[in-house]
Amino acid sequence: MAIASFFFSQSTPFFSHCNNPSLPPHPTLIFLPFKLKICTFSTTHFVHTTATAISAYRDGGSSSGSGGGSGNRGSGGGDEDEERGRNREEAMVALAEDGRWLESLPEDLAAAVSAGRVPGSIMRRFFQMEQSVVLRWLLKFRGFRERLLADDLFLAKLLIESGVIIFTKAAAELKRRKENFKKELDFVVANVVTGIVTGFLLVWFPAPTVSLRPPLALSAGPIAKLFYGCPDNAFQVALPGISYTLLQRIGAIVLNGAKLFVVGTSASLVGTVITNALINVKNAVNKTFSAQTENLPVISTSVAHGVYMVVISNIRYQVLAGIIEQRILEPLLHRNKLILTAAYFTVRTANTYWGSLLWVDFARWVGVQKKKD
């Protein structure tokens, strides 16, 4: 009991030592993230349990990192191992500061902490976001968890993109079509409906993430291994202990392009079918309306939109999320979240409006939406 009392009474200097980079690291000064039953253990049991847990933490943490990383470990060598060891210690200290233990985390996040892929700053961000009812619910889903841990304003970006896409697309359609806006209203409706569906995914797919993917199967082929190690954004900043090769960053563009082709084609297919249905209803009600409008080509329009998503939208949103936002705006404005959110709103509104203009030009250029006289 005396030892337990001393252990807990010394918590303040313990944390001061761990957080002070000027002091040499001490292998025994690691606060273990589990609850101790201080009413029933003896001195011998306490020392034995502590030593065993420290050994398990160090050995298990380093061994579990071999399969779960998303970066390339071949070129990093000892430097990456050292960074991952530092990540583990920082994450464990963050857990102790919040009074948490490893088993209280989601399984994939706990595995990433043990593997040294999550630094202390990411853990503190996780604890802060758990204070919000909405974010705590979203953190239950791995897709949101990976993106929110990498960017605590990801949800704001998602809402911004979804909110402005209707107005910016309509404004862009009006600017490009001008006096033909009413005559080409069928095109406008198809483009806006498609934009709403794809807008969400254009934020989702290229968003930087903290990879929490499970380890790759040992039987996986070389192509699967290549794409497994790719970041979600070709330009995203790599966390300490993680590195990406040039080939993996190029692979991120290819992989996202494939996803966006499928999504863009499918969304355009749905939007075009809905638009054609509306046109047919109007034709049945108003016979004069049929002289001004005709059904849109479903297959060619859908494929054209899928190609547009791959060639134009993919690169545009990768650059927006990975360079403009993460590498430029966030370092400059990270101290003021309100101003940073306003900056995100501005650049994303401009990007969505520009993309709408580009789609009208692209659709006319490939011939799926011809200008009406």
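By convention here, the first residue in the shown sequence is residue 1. The shown structure was predicted, so the numbers you read here are calculated from the model rather than taken from an experiment.
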Student: Which pair of heavy atoms, one from Val368 and one from Ser300, lies closest together, and at what distance?
Tutor: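 Nearest heavy atoms, Val368 then Ser300: CG1-O, 3.6 Å.
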Student: Is it possible for you to say whether Val319 and Val237 belong to one hydrophobic cluster, with membership spreading through side-chain heavy-atom contacts below 4.5 Å?
Tutor: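 The answer is no; the residues belong to distinct hydrophobic clusters.
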Student: Kindly indicate, with the supporting measurements, whether the criterion side-chain contact (heavy atoms from CB on, under 4.5 Å) is fulfilled by Val164 and Arg348.
Tutor: CA-CA 8 Å; Val164 303; Arg348 285 192 170 271; 5.7 Å; no
Student: Would Phe345 end up clustered with Leu159 when hydrophobic side chains under 4.5 Å apart are linked, directly or stepwise?
Tutor: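 In one cluster with Phe345: Leu159, yes.
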Student: Hey, quick one: are Phe261 and Ile315 part of the same hydrophobic cluster, counting side-chain heavy atoms closer than 4.5 Å, chains of contacts allowed?
Tutor: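 Each belongs to a different hydrophobic cluster.
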Student: How would you list, by chain and number, every residue that makes a ring pair (Phe, Tyr, Trp, His ring centres under 6.0 Å) with Tyr344, sequence neighbours excluded?
Tutor: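 Counting only residues at least two positions away or on another chain, Tyr344 forms no ring pair (Phe, Tyr, Trp, His ring centres under 6.0 Å).
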Student: With distance as the sole test, does Gln236 use its side chain to make a donor-acceptor pair with the main-chain N or O of Thr209 at under 3.5 Å?
Tutor: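 It does hold such a pair.
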Student: Quick check: closest heavy atoms across Ala150 and Pro208, and the distance to 0.1 Å?
Tutor: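 Of all heavy-atom pairs spanning Ala150 and Pro208, the closest is CB-O, 3.3 Å.
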Student: Checking side-chain polar atoms at under 3.5 Å, does Glu161 have a donor or acceptor matched by the opposite partner on Thr352?
Tutor: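 Yes, because at least one side-chain N or O of Glu161 sits under 3.5 Å from a partner of the opposite role on Thr352.
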Student: Please name all residues satisfying side chain to side chain donor-acceptor pair (under 3.5 Å) with Asn336, sequence neighbours left out, ordered by chain then number.
Tutor: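 None.
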Student: Output yes when Arg213 and Glu146 qualify as a salt bridge under the 4.0 Å nitrogen-oxygen rule, no when they do not.
Tutor: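 So Arg213 does not pair with Glu146 through a salt bridge.
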Student: For Val263 and Phe205, run side-chain contact (heavy atoms from CB on, under 4.5 Å): C-alpha distance rounded to whole Å, both residues' side-chain angles, the deciding distance at 0.1 Å, then the answer.
Tutor: CA-CA 11 Å; Val263 169; Phe205 285 142; 3.7 Å; yes
Student: Hey, are the side chains of Arg147 and Asp232 touching, using non-hydrogen atoms and a 4.5 Å cut-off?
Tutor: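 Yes, side chains in contact.
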Student: Considering all heavy atoms of both residues, which atom of Ala207 and which atom of Phe154 are nearest to each other, and what is their separation?
Tutor: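 Residues Ala207 and Phe154, closest heavy atoms: CB-CE1, 3.6 Å.
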Student: Below 4.5 Å, heavy atoms only, C-beta onward: do Leu202 and Met309 meet side chain to side chain?
Tutor: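 Of all side-chain heavy-atom pairs linking Met309 with Leu202, at least one is under 4.5 Å.
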Student: Between CZ of Arg86 and CD of Glu83, what distance do you get to the nearest 0.5 Å?
Tutor: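 Reported value, rounded in 0.5 Å steps: 6.0 Å.
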Student: From the options Arg100, Arg125, Arg136, Arg124, select the one residue that forms a salt bridge (charged side-chain N to carboxylate O under 4.0 Å, His left out) with Glu130.
Tutor: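 Looking at Arg100, Arg125, Arg136, Arg124, the match for Glu130 under the salt bridge (charged side-chain N to carboxylate O under 4.0 Å, His left out) is Arg100.
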Student: Who passes side-chain contact (heavy atoms from CB on, under 4.5 Å) against Ala112, sequence neighbours left out?
Tutor: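 Partners of Ala112 under the side-chain contact (heavy atoms from CB on, under 4.5 Å) test: Arg117, Val118, Leu212.
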Student: To the nearest 0.5 angstrom, please state how far the NZ atom of Lys157 sits from the CD atom of Glu325.
Tutor: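 It is 3.5 Å, given to the nearest 0.5 Å.
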Student: Holding to side chain to side chain donor-acceptor pair (under 3.5 Å), I want the full list of residues that pass it with Asn276, two or more places apart in sequence or in another chain.
Tutor: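 Not a single residue meets the side chain to side chain donor-acceptor pair (under 3.5 Å) criterion with Asn276.
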Student: Quick check: do Leu139 and Met129 have side-chain heavy atoms less than 4.5 Å from each other?
Tutor: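 The answer is yes; the side chains approach within 4.5 Å.
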Student: Are the side chain of Asn256 and the backbone N or O of Asn233 linked by a donor-acceptor pair below 3.5 Å?
Tutor: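 No.
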Student: Any chance you could measure Trp359, atom CH2, to Glu173, atom CD, to the nearest 0.5 Å?
Tutor: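 The CD atom of Glu173 is 10.0 Å from CH2 of Trp359, to the nearest 0.5 Å.
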Student: Taking atom CZ of Phe144 as the centre, report whether more than 12 heavy atoms of other residues, nucleotides or ligands fall under 6.0 Å from it.
Tutor: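 Enclosed: over 12 neighbouring heavy atoms sit under 6.0 Å from CZ of Phe144.
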Student: With clusters defined by side-chain heavy atoms of hydrophobic residues (ILVMFWY) lying less than 4.5 Å apart, directly or transitively, does Leu358 cluster with Leu260?
Tutor: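 They do not share one cluster, since no chain of ILVMFWY contacts under 4.5 Å joins Leu260 to Leu358.
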Student: Could you check whether atom CZ of Phe141 has more than 12 heavy atoms from other residues, nucleotides or ligands sitting under 6.0 Å from it?
Tutor: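 Enclosed.
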Student: Please report the interatomic distance OH(Tyr317) to OG1(Thr198), rounded to the nearest 0.5 Å.
Tutor: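 Interatomic distance, Tyr317 OH to Thr198 OG1, rounded to 0.5 Å: 7.5 Å.
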Student: Is it the case that the side chain of His305 and the backbone of Ser302 share a donor-acceptor pair, with hydrogens and angles ignored and the cut-off at 3.5 Å?
Tutor: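 No, His305 side chain to Ser302 backbone: no donor-acceptor pair under 3.5 Å.
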Student: Heavy atoms, side chains only, cut-off 4.5 Å: are Glu97 and Val93 in contact?
Tutor: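 Sidechains of Val93 and Glu97: in contact.
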Student: Between Gln128 and Asp152, is the side-chain contact (heavy atoms from CB on, under 4.5 Å) condition met? List the steps.
Tutor: CA-CA 10 Å; Gln128 289 174 357; Asp152 55 352; 5.6 Å; no
Student: Below 30° counts as parallel, above 60° as perpendicular, anything between as tilted: where do the rings of Trp204 and Phe200 land?
Tutor: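 Rings of Trp204 and Phe200: parallel, under 30°.
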Student: Donor-acceptor pair, distance only, cut-off 3.5 Å: does the side chain of Arg84 make one with the backbone of Ser114?
Tutor: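 It does not hold such a pair.
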Student: When clusters are formed by joining ILVMFWY residues with side-chain heavy atoms under 4.5 Å apart, either directly or through shared neighbours, do Ile160 and Ile328 land in the same one?
Tutor: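 Shared cluster, yes.
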Student: Can you find a pair of side-chain heavy atoms, one from Thr349 and one from Phe167, that are under 4.5 Å apart?
Tutor: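 When only atoms from C-beta onward are counted, Phe167 and Thr349 do not touch, as no gap falls below 4.5 Å.
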Student: Identify the heavy atoms of Asn87 and Pro240 that sit nearest to each other, and give their distance.
Tutor: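 Taking every non-hydrogen atom into account, ND2-O, 2.7 Å.
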Student: Taking side chain as C-beta onward, heavy atoms only, is Val307 less than 4.5 Å from Val366?
Tutor: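 The answer is no, as the side chains (C-beta and beyond) never meet within the 4.5 Å cut-off.
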Student: Between Arg145 and Phe126, which heavy-atom pair has the shortest distance, and what is it?
Tutor: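 Nearest heavy atoms, Arg145 then Phe126: CD-CE1, 4.4 Å.
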Student: Begin with the C-alpha distance, continue with both residues' side-chain angles, and end with the deciding distance and a verdict on side-chain contact (heavy atoms from CB on, under 4.5 Å) for Gln326 and Phe235.
Tutor: CA-CA 9 Å; Gln326 191 178 43; Phe235 307 104; over 6 Å; no
Student: So do the side chains of Val347 and Asn351 get within less than 4.5 Å of each other, counting heavy atoms only?
Tutor: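 A side-chain contact under 4.5 Å is absent here.
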Student: Give, for atom CG of Leu153 and atom NZ of Lys337, the distance between the pair rounded to the nearest 0.5 Å.
Tutor: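 Output value for this atom pair is 5.0 Å.
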Student: Going by ring pair (Phe, Tyr, Trp, His ring centres under 6.0 Å), name the residues that satisfy it together with Tyr353, two or more places apart in sequence or in a different chain.
Tutor: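 Tyr353: no ring pair (Phe, Tyr, Trp, His ring centres under 6.0 Å) contacts found.
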Student: If you look at every heavy atom in Phe227 and Gly251, which pair is closest and at what distance?
Tutor: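 Nearest pair, atom of Phe227 first, then Gly251: CE2-O, 3.6 Å.
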Student: Would you please name every residue forming a side chain to side chain donor-acceptor pair (under 3.5 Å) with Thr272, sequence neighbours left out?
Tutor: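 Not a single residue meets the side chain to side chain donor-acceptor pair (under 3.5 Å) criterion with Thr272.
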Student: To the nearest 0.5 Å, how far apart are CD1 in Ile223 and CG in Leu226?
Tutor: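 The distance works out to 8.0 Å.
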Student: Less than 4.5 Å apart, side chain to side chain, heavy atoms only: is that true for Trp354 and Arg316?
Tutor: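 Side chain of Trp354 against side chain of Arg316, heavy atoms only: contact under 4.5 Å found.
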